[in-house]
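Here's the structure, in structure tokens; my notes come after.
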Amino acid sequence: MRGRPGQVMPAVFALATAFVVLVVSVLSTVAELRPRAAAPAPGTGPAATEAPAAGTAPEDAPGDEPDGLDGLDGLQVTMDVLYAGRPAAEATGGSTAETADEAVPGGGVPSAAKASRAAASTSRAQCRDTAYALAGWRVKGTAGWYYNSSGAPSAVSRTALSAIASAARSLVGASNQCGLPAPFKAGQKYLGATKRTAAVSTSSRTSCGTEDGHSVVAWKRLGSTALAVTCTWTRSGQVVSSDIVINTRYRWHTSRPSRCTSSFDLASVLTHEWGHAFGLTHVSPSKHGTQVMASTIPACSSVRTLGAGDHRAMRRLYGVR
Ligand SMILES: [Zn+2]
């Protein structure tokens, strides 16, 4: 009896020690698993792949871009870059798909019969090609977006917003010349002008910055030869926000000039960029050059309506109403 307290105390002490060790070990495990709240610092996005020279974009290069980066809170960012390209064989008619663009204020209408025949030919090719590629995300509900007009080239400063909005409507509205059903069960809404900038770095190595909860379309002079860049932040396959930057190094038009040599159609490029924002990614420009999602677009060409492949991709993601 006298010996018991002496035996019990070490046992209690050992038990208490084991309990403390267990608690400390559990707490440190929890600390390790807890995601850091901080978003990735600007400039930590995936670096741009080397910009191919105009017309030499790699063929069928899905590994080129998009490129993803896993954030610690499950936020993933993907950068998609559109480059200038040589005219595709089907698109040599120049102004092409504009007959279906009544919704585009100031949209050019081809006057010559030659342009009209080229448009019909391009339209047929665009409707035959069903190639598409999905980026791995979709927009849930309505994608609201802002526009920052700062730095817009004077040639388009008054018409740019209308062209950008029209491009968004074309995509979700399934604007096409192929008799395909429209619109998609997807939504987009212009939320107003903003002073916020798009989180895309202007250094020679284009990269995505920090997600700020606002989808912004903006102009910047990019250090790369990209025509436009879209950064899309997603979580579990759903879009959190998308920023689109249009490169002011290039000349832009919203209505094709009569003697077009080197400027790019803003509505066509934006239809492509909105495609990324809604979950589409690139197809080969040499094989599928009539599709909106071809990874290059030639100067002076117009691809404002969805090809069969573009439509198929959007339909698969959203369905039609
Ligand atoms: Zn692209």
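We count ligands from 1, going down the list as the structure has it; atoms in each ligand are counted the same way. Because only heavy atoms are used, hydrogens play no part in the values below, and waters and symmetry mates are left out as well, while side chains stay in.
- Around the Zn ion (ligand 1), protein N, O or S atoms at a distance under 2.8 Å total 3; waters are neither shown nor counted.
- Remark: W274 pairs with no residue by the side-chain hydrogen bond (donor to acceptor under 3.5 Å, both in side chains) rule, at least two apart or across chains.
- The hydrophobic cluster containing V216 does not contain Y190, counting ILVMFWY residues as joined when their side-chain heavy atoms lie under 4.5 angstrom apart, directly or transitively.
- Between H282 and H288, the distance separating the two ring centers is not shorter than 6.0 angstrom.
- Scored by the side-chain contact (heavy atoms from CB on, under 4.5 Å) test, T234 finds Q76, W137, T232, V239 as partners (sequence neighbours excluded).
- Other residues, nucleotides and ligands contribute at most 12 non-hydrogen atoms within 6.0 Å of the CZ atom of R158.
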Would you mind writing out the side-chain donor-acceptor pairs for residues 306-321 within the sub-3.5 Å range, not counting sequence neighbours?
unit_1, atom_1, unit_2, atom_2, d
D310, OD1, V292, N, 3.4
D310, OD1, M293, N, 3.2
D310, OD2, V292, N, 2.7
D310, OD2, G307, N, 2.9
H311, NE2, P181, O, 2.7
R312, NH1, T130, O, 3.0
R312, NH1, T130, OG1, 3.2
R316, NH1, Y132, OH, 2.7
Y318, OH, V139, N, 2.9
Y318, OH, F278, O, 2.6

